[in-house]
Structures are given as C-alpha cells and as structure tokens.
There are 2 protein chains.
Amino acid sequence: MRSISTDLAAKLRLGAAVFAGRGYDAATIEALSDATGVPSSTLYYNFAGKQEILAFLLQDWLDRTSVVVATAIEGPATAAVRLEAVIRAQLAAMADDPSTCQMLLAELGRIDRLPHIADAVQQAFHRPVAKLLVEGAVDGSLAEVSIENATAVIYGAVTLTGLHHVVASDGHTPAFDVDAVATDVVGLVMNGLGSR
Amino acid sequence: MRSISTDLAAKLRLGAAVFAGRGYDAATIEALSDATGVPSSTLYYNFAGKQEILAFLLQDWLDRTSVVVATAIEGPATAAVRLEAVIRAQLAAMADDPSTCQMLLAELGRIDRLPHIADAVQQAFHRPVAKLLVEGAVDGSLAEVSIENATAVIYGAVTLTGLHHVVASDGHTPAFDVDAVATDVVGLVMNGLGSR
DNA sequence: TGCCGAGTTGGAATATGATTACAGTATCAG
DNA sequence: CTGATACTGTAATCATATTCCAACTCGGCA
C-alpha cells in the first residue's frame, strides 16, 4: 500500500457505506469506484487489492478511535469512573461512523486473518479496558475478576449493543443516542442484573 | 433448497470447518466439495448456491441450540437461576461446535441479509433472554432494566467471550472449559464489575 | 522553456471461481 | 421391469478481481 494522501483518504471513506451496505464480497470494485469517484485503476495503483482497501478503512477508523479512547482513559479519577468514560468514547465512535463500525463487526470472525487490524482492535478496545481492570482492582473501585474474560465480556457488550443500534439506524449520524445507550451499558457492566 | 437427507446433512457439517478456516469468500465450492466428499454438482442440485449452504449450516446449528436453550429455560426456579442455565447452554453449544460458531459470528454484520438466520438467532439467543428479563423483574430476582439494551449486552457478552475462546482453540471440541468460562460470564452479568 | 518522475487514468487482457446446462447413471418404490 | 427421482461428471457460461500498459497530468527544476 502506497502512502495515501489525505485527499484520497477522504474520498475512500465514502466507500465504507458500500462495504457496509452490501457486505465485503458483494461490494464490487466498480461500486467502490463509483461511490468514491476514484477510478478502479487508481485504486489498484494505491492498494494491492480490495482487501487492502477494506483494511485501510478499518485501520483509519480504529486509529481515530484509539486516540479518543486514550484521552478518555487519562486523569486522576478512579478506574471505575474512567472505565465509564472509555465505554462512552467507544460507543460515540461507533455512532459517529456507523458504516465503518458495521464493516468492522462484519469482519469479526475473520479478523485473525488481518493481523494489523486485530492489533488495532486490541489498541482501541481491549487494552484500555484491561488496563483499567488492573488499576480498578488496585484502587478498589472495581471487583477483582478474570481480566481475559471480563475484557471479552465488556468488548462484546459494548460492540454488539452498538451494532444493534447501528443496524437499526439508517446510516444517519450519530446513529443512536449515545448518552442513553451508554448509560444503560455502563449500568449493566458496573452493577449487573442481580436485584439488590 | 431441497429437503436435505440426514446423511447429506452429516457430511455437510464437515464443511463448516472450511468456511470457518478460510472465511466465506475464500472458501471455494471445490474445497467444500473435497472436505465433505459431496461433488459440487450435487451441492448445486440440493442448494441454490454457496450462500444457501452457509445458511443451511447456520440454521442447523441454531435450531439445535434453540432446543437446548429452550430446555434450560424451563423449570420452576427464579428467572436469575434460569438465566444462568441459559447462558451455560449457549456457551456449551459454542464450545461443542466451534467451526459453526465462528462462521456465525463472521456473518454477524451482514446477518440482516439472511433473514431466516436472523430469526433463528433471535430464537436461540435473544428471545429466551428477553423473556427471562421480564420474568425476573416480576419475581424480583433480576433488576429492572431496558430489555432491548440488556438483551444486546448479554448477547454480546456471551457470544464474543465464546468467540474469543473458540478462536484461541484449534478446532478441538469442546473448544474451551465451558464451566469455567460460564461461571465468569454469569458472575459478570449478574454482579457487574462494581466493588461491593 | 522543456525535461523528468510520480501519480493518475482508460481500456484491454487474463485468471479464478460461481453457477448453469445437460446427459448419463444409480436407486428405489410399485 | 419400469418410471421417477436423486446423483454425478463434464463442459460451458458469466461475473468480477486483478494485471498490464500506454497515455496523460502536473509540479519541481535545470
């Protein structure tokens, strides 16, 4: 993959809707070319193939998401408070870019075949949460749990709830009411379902 | 799709590993034919195409999963107790058939394009949980929460934790220690992360 | 001004794999 | 035995990704 100009990158983002709308295999290069205004020969000049275009779009979004999540995780507050901020930031990123978010979750099961993307997902979703779980056990604001399973549980809870609302929306941005959904998700993640 | 003999169905299940291993588009009909021992002409005689074969495998597994989940949900116990049984049953179904489970989650983002499958997922995963959430609010064993979001949270927590372990395994069955994982997931779903 | 190289583009050529068509074979109920 | 239905091998057909290549643009620069 050549280095992509910001101009080209901006056009390519329009292609996310094509991938999200039709699914990876049904999204033809020609449709991608039409949607972005970039001729297919130019696409092949800049990328090794369709898969690399997909990977670029995912990486682009994940990198931006990582940045806002990294900001959310900072600060002197307890781990529990910062975990809430992280979850809100992740849901906001999904609501802001429903197409890419849908693309990403469509690739979930085969993400181990896109190692760079798997790393970026770790960076944006798993590692921040794992870090807070450790810190929360230390500062007493979070219960002590299996990091591995708790990270997976939170990742699943956040992304599939986001996906549910994204699919229900019709590509509007934001795709859903981030505050309301985040409040519900955070409530469940922090307090669980048990009556008390 | 013609009616599929149990004999053919059994052979086809061998094909799940091909879909799971390579991903839908990289899985060629020829590879599917080799893996199952069913000639490609026979596949096309019985199914309208590759997508329908995928759909059959998913439906097959989801139907079986629905049955065990429906059994788990029965009984006089509180909704909380039965919710735990349901989650265990769902994780057990995933561990028992890692290939199909991986196939299913690979199709998550495009599942709205396979309406029958989306229905079957509702049947096996969402509806039982939604039912218990309502009953739990009545019998007092579960907190009152948004059914829509809580259902999505639990679905995400269960399936992505399962997927995490399935991907980590190498196709062995069971793919992971169901009891241990279920205990962690149920603990988080019921009690959350908050220290108490 | 005129050249150079990188980026861009249109269009033809190639390759792969899904799907179809069809004819011949097997199986099984009556 | 016979007809119907299911199965299978082979040879097209077709769509689409990918490659190839020649022409074109354009900014820097001697």
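Chain A is the first sequence line, chain B the second, and so forth, proteins listed ahead of strands; every chain is numbered from 1.
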Notebook entry, point to check: Does A:V38 offer a backbone N or O that forms a donor-acceptor pair with the side chain of A:S33 under 3.5 Å?
Noted result: yes

Notebook entry, point to check: Which part of the nucleic acid, if any, lies within reach of B:A26 when heavy atoms closer than 4.0 Å are counted: base, sugar-phosphate only, or nothing?
Noted result: nothing

Next item on the list: State whether B:N46 places a side-chain N or O below 4.0 Å from either non-bridging phosphate oxygen (OP1 or OP2) of D:dA6.
Entry: no

Item checked: Geometric cation-pi criterion, B:R2 with B:Y45: 6.0 Å, 45° -> yes

Notebook entry, point to check: Side chain of A:R82, backbone of A:E74: donor and acceptor closer than 3.5 Å?
Noted result: no

Check: Between A:T28 and D:dT16, is there a side-chain N or O to OP1/OP2 distance below 4.0 Å?
Finding: no

Notebook entry, point to check: Among the nucleotides C:dA18, D:dT18, C:dA6, which one has an atom lying closest to any side-chain atom of A:Y45?
Noted result: C:dA6

Item checked: Note, A:D63 side chain near A:W61 side chain (heavy atom, < 4.5 Å) -> no

Notebook entry, point to check: To the nearest angstrom, how far is B:L32 atom CG from D:dT8 atom P?
Noted result: 14 Å

Check: Quick one: is C:dT9 close enough that its OP1 or OP2 comes under 4.0 Å of any side-chain N or O from A:T42?
Finding: yes

Note to self: Go through it in stages, so that I can follow the logic: the residues are B:H165 and A:N149, the test is side-chain hydrogen bond (donor to acceptor under 3.5 Å, both in side chains), and I'd like the CA-CA distance, side-chain angles, deciding distance and then a yes or no.
What the structure shows: CA-CA 9 Å; B:H165 290 285; A:N149 285 331; 2.7 Å; yes

Checklist line | Residue B:Y44, side-chain heavy atoms: nucleotide from C:dA18, D:dT8, C:dG10 that is nearest | finding: C:dA18

Next item on the list: Name the nucleic acid region contacted by B:A31, choosing base, sugar-phosphate or nothing; use a 4.0 angstrom heavy-atom cut-off, strictly under.
Entry: nothing

Item checked: Candidate nucleotides D:dG9, D:dT18, C:dT19, ranked by approach to the side chain of A:K50 - the nearest -> D:dT18

Item checked: A:D34 CG to C:dT9 C1', straight-line distance once rounded to whole Å -> 15 Å

Item checked: Whole-Å distance separating the CG atom of B:L43 from the P atom of C:dG17 -> 16 Å

Note to self: Of the listed nucleotides (D:dA17, C:dG10, C:dA18), which one gets closest to any side-chain atom of B:I29?
What the structure shows: C:dA18

Notebook entry, point to check: Rounded to whole angstroms, how far apart are CD on B:E52 and P on C:dA18?
Noted result: 16 Å

Check: Do you see a donor-acceptor pair shorter than 3.5 Å between the side chains of A:T183 and A:R88?
Finding: yes

Checklist line | Any residue of residues 1-22 of chain A with a heavy atom less than 4.0 Å from an atom of DNA chain D | finding: none

Item checked: For atom CG of B:D25 and atom P of D:dT18, their distance in whole Å -> 10 Å

Check: So B:F125 and B:Y155, would you call those rings parallel, tilted or perpendicular, with 30° and 60° as cut-offs?
Finding: perpendicular

